[in-house]
Amino acid sequence: MSALSYRMLNIGGLPTGLLGLEELFTELYDEGWLPTDEKLRDALVAGVRKHNFIPTPAVPEYAGALCMEYSRFFRLKGSGKAVVARDYGTWRGYPREQIPWFPAIAPELCNDCGACLETCAREVFERDENGHVWVAEPFLCLVGCCFCKSVCDPRAIRLPGQEILKNYREKM
Ligand code: SF4
Ligand code: SF4
C-alpha cells in the first residue's frame with residue numbers, strides 16, 4: 001500500500017497536519033462532488049476522519065477550512081492546472097509548516113479591497129468564487145514579514161508577534 005499524502009492546513013489559526021487529503025479530494029472530484037453540494041461538509045469531515053482525529057467541538061472549523069480547500073482544488077482541476085503538493089522548504093532548519101507565521105484575516109473587518117493580495121509577492125492570498133479574499137497558502141508566507149498587515153486599512157490582518165520566532169533557534 002502506498003503512503004498517504006500529508007498536508008498542513010490553517011485551521012482556526014493553527015497549522016494542522018492532515019493525512020490523505022489529496023486522495024480524498026481526488027476521490028470526491030472523480031465522483032462529481034461540487035463545492036456547492038449541501039452534503040460536502042459532512043463528506044469531507046467523514047473522509048478526513050478515516051485517517052485523522054478531529055475533536056468534535058472543532059468540527060465546524062475543520063469543515064469550513066476543508067470546504068475552502070476543496071473549492072480551490074476544484075477550481076484548479078477545472079482550469080486544467082496540475083494540483084501538486086507543495087514543498088514549503090525550511091526556515092532556520094525547521095520544516096516551514098512547523099512555523100506558525102502566516103496572516104489570518106478577521107472576516108468581520110475585511111472589506112475585500114484586495115490591497116493585501118496586490119502587496120504580497122508570495123501568492124499567499126486568493127479570491128474565492130464569491131470574490132472574498134482568503135489565506136489560501138499560509139506556508140508560502142515569508143517568516144517575519146508584515147507587509148500585508150501594514151496596507152490593510154480596516155486592520156483585518158493578524159500576524160504573530162516577532163517574539164515567537166525566538167523559539168526557533170538555528171538548527172545546526
Ligand atoms: S487588505 Fe485587509 S481589508 Fe483588504 S482584502 Fe486584505 S484583509 Fe481584506
Ligand atoms: S506577511 Fe508578507 S509574505 Fe506573508 S502574506 Fe503578508 S505580505 Fe505576504
Side-chain angles (χ1 to χ4, degrees), residues 5-19 21-22 25 34-36 40-41 44 48 52 58-79 81-172:
S5 66
Y6 181 75
R7 170 107 203 255
M8 284 277 199
L9 286 190
N10 170 10
I11 298 181
L14 292 173
T16 307
L18 295 174
L19 279 171
L21 208 54
E22 301 296 330
F25 284 179
L34 301 173
T36 49
L40 178 65
R41 294 169 72 90
L44 285 167
V48 167
N52 306 270
V59 164
E61 278 186 332
Y62 272 74
L66 290 167
C67 283
M68 292 291 282
E69 200 60 29
Y70 183 72
S71 294
R72 185 159 180 264
F73 178 92
F74 191 89
R75 276 201 307 279
L76 286 172
K77 279 275 205 187
S79 66
K81 288 184 188 165
V83 185
V84 289
R86 295 249 199 184
D87 176 2
Y88 297 103
T90 58
W91 187 76
R92 289 187 183 169
Y94 296 86
R96 173 62 184 90
E97 292 166 279
Q98 290 181 8
I99 312 292
W101 185 281
F102 45 77
I105 297 177
E108 70 280 10
L109 297 176
C110 176
N111 60 19
D112 296 315
C113 69
C116 55
L117 209 151
E118 288 158 19
T119 301
C120 179
R122 293 240 168 169
E123 301 180 342
V124 171
F125 302 96
E126 285 185 11
R127 281 194 195 275
D128 67 16
E129 60 272 21
N130 298 315
H132 298 310
V133 175
W134 69 297
V135 180
E137 283 285 4
F139 301 106
L140 289 182
C141 177
L142 179 66
V143 177
C145 174
C146 302
F147 281 162
C148 53
K149 187 176 177 182
S150 63
V151 300
C152 178
D153 285 341
R155 302 168 76 90
I157 293 183
R158 307 271 186 267
L159 278 157
Q162 297 278 344
E163 63 279 3
I164 70 152
L165 301 180
K166 291 182 190 151
N167 298 325
Y168 299 89
R169 292 176 189 277
E170 197 80 43
K171 274 192 178 175
M172 302 303 288

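Order of listing sets the numbers, starting from 1, for every ligand and every atom in it. Please read these numbers as outputs of a predicted model, since none were measured by experiment. Residues: numbered from 1 along the sequence shown.
- Classified by interplanar angle (parallel below 30°, tilted 30° to 60°, perpendicular above 60°), the ring pair Phe73/Tyr70 is parallel.
- Residue-ligand proximity, Cys141 to ligand 2, at heavy-atom distances under 4.0 Å covers atoms 1 (S), 3 (S), 4 (Fe), 5 (S).
- Under 2.8 Å from atom 4 (Fe) of ligand 1 lies no N/O/S atom of Cys110, from backbone or side chain alike.
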message: One pair to check against side-chain hydrogen bond (donor to acceptor under 3.5 Å, both in side chains): Gln98 and Tyr168. What are the steps and the verdict?
response: CA-CA 10 Å; Gln98 290 181 8; Tyr168 299 89; over 6 Å; no
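- With hydrogens left out, the protein atom closest to atom 2 (Fe) of ligand 1 is Cys152 SG, 2.3 Å, a heavy atom.
- Listed by number with element, the atoms of ligand 1 under 4.0 angstrom from any heavy atom of Pro154 are 3 (S).
- Using a non-hydrogen distance threshold of 4.0 Å, Phe102 does not register as a contact of ligand 2.
- Short contacts between ligand 2 and Pro103, defined as distances under 4.0 Å to a heavy atom of the residue, involve ligand atoms 5 (S).
- Lys166 has no carboxylate O lying under 4.0 Å from a charged side-chain N of Glu163, or vice versa, which leaves the two without a salt bridge.
- Ligand-side atoms of ligand 2 in range of Val124: 5 (S), range being under 4.0 angstrom from any heavy atom.
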task: Please lay out, stage by stage, how Phe125 and Trp134 fare under the test side chain to side chain contact (heavy atoms under 4.5 Å, CB included).
output: CA-CA 6 Å; Phe125 302 96; Trp134 69 297; over 6 Å; no
- request: I would like to know whether Ile105 and Val133 meet side chain to side chain contact (heavy atoms under 4.5 Å, CB included); could you show each step before the answer?
  value: CA-CA 9 Å; Ile105 297 177; Val133 175; 4.0 Å; yes
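- For the atom pair Asp128 CG and Arg72 CZ, the distance stands at 12.0 Å (nearest 0.5 Å).
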task: Tell me, with the steps shown, if Cys146 and Gln162 meet side chain to side chain contact (heavy atoms under 4.5 Å, CB included).
output: CA-CA 10 Å; Cys146 302; Gln162 297 278 344; 3.9 Å; yes
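- Short contacts between ligand 2 and Cys148, defined as distances under 4.0 Å to a heavy atom of the residue, involve ligand atoms 1 (S), 5 (S), 6 (Fe), 7 (S).
- Remark: Tyr88 OH is packed, more than 12 non-hydrogen atoms of other residues, nucleotides or ligands lying under 6.0 Å away.
- The part of Asp112 lying near ligand 1 is the backbone, judged by heavy-atom distances below 4.0 Å.
- Using a cut-off of 4.0 Å between Lys/Arg side-chain N and Asp/Glu carboxylate O, Glu69 and Arg7 are scored as salt-bridged.
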field: Arg75 vs Glu126, salt bridge (Lys or Arg N to Asp or Glu O under 4.0 Å): CA-CA, chis, key distance, verdict
entry: CA-CA 12 Å; Arg75 276 201 307 279; Glu126 285 185 11; 3.5 Å; yes
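- Short contacts between ligand 1 and Val133, defined as distances under 4.0 Å to a heavy atom of the residue, involve ligand atoms 5 (S).
- In this structure, the protein non-hydrogen atom closest to atom 5 (S) of ligand 1 is Gly114 N, 3.3 Å.
- When hydrogens are left out, the protein atom nearest atom 4 (Fe) of ligand 1 is Cys113 SG, 2.3 Å; that is the closest non-hydrogen contact.
- The nearest heavy-atom contact from the protein to atom 8 (Fe) of ligand 2 is Cys120 SG, 2.4 Å.
- Near Ile157, with a cut-off below 4.0 Å to any heavy atom, the atoms of ligand 1 are 7 (S).
- Distance CG/Leu9 to OH/Tyr62: 9.0 Å, rounded to 0.5 Å.
- Regarding atom 1 (S) of ligand 2, its nearest protein heavy-atom neighbour is Cys145 O, 3.2 Å.
- Residue contacts with ligand 1 for Asn111 involve both N, CA, C or O and side-chain atoms from C-beta outward (heavy atoms, distance under 4.0 Å).
- Residue contact annotation: Cys116 places no N/O/S atom under 2.8 Å from atom 6 (Fe) of ligand 2.
- Checking Leu142, Val135, Leu117 against atom 3 (S) of ligand 2, the nearest heavy atom belongs to Leu142.
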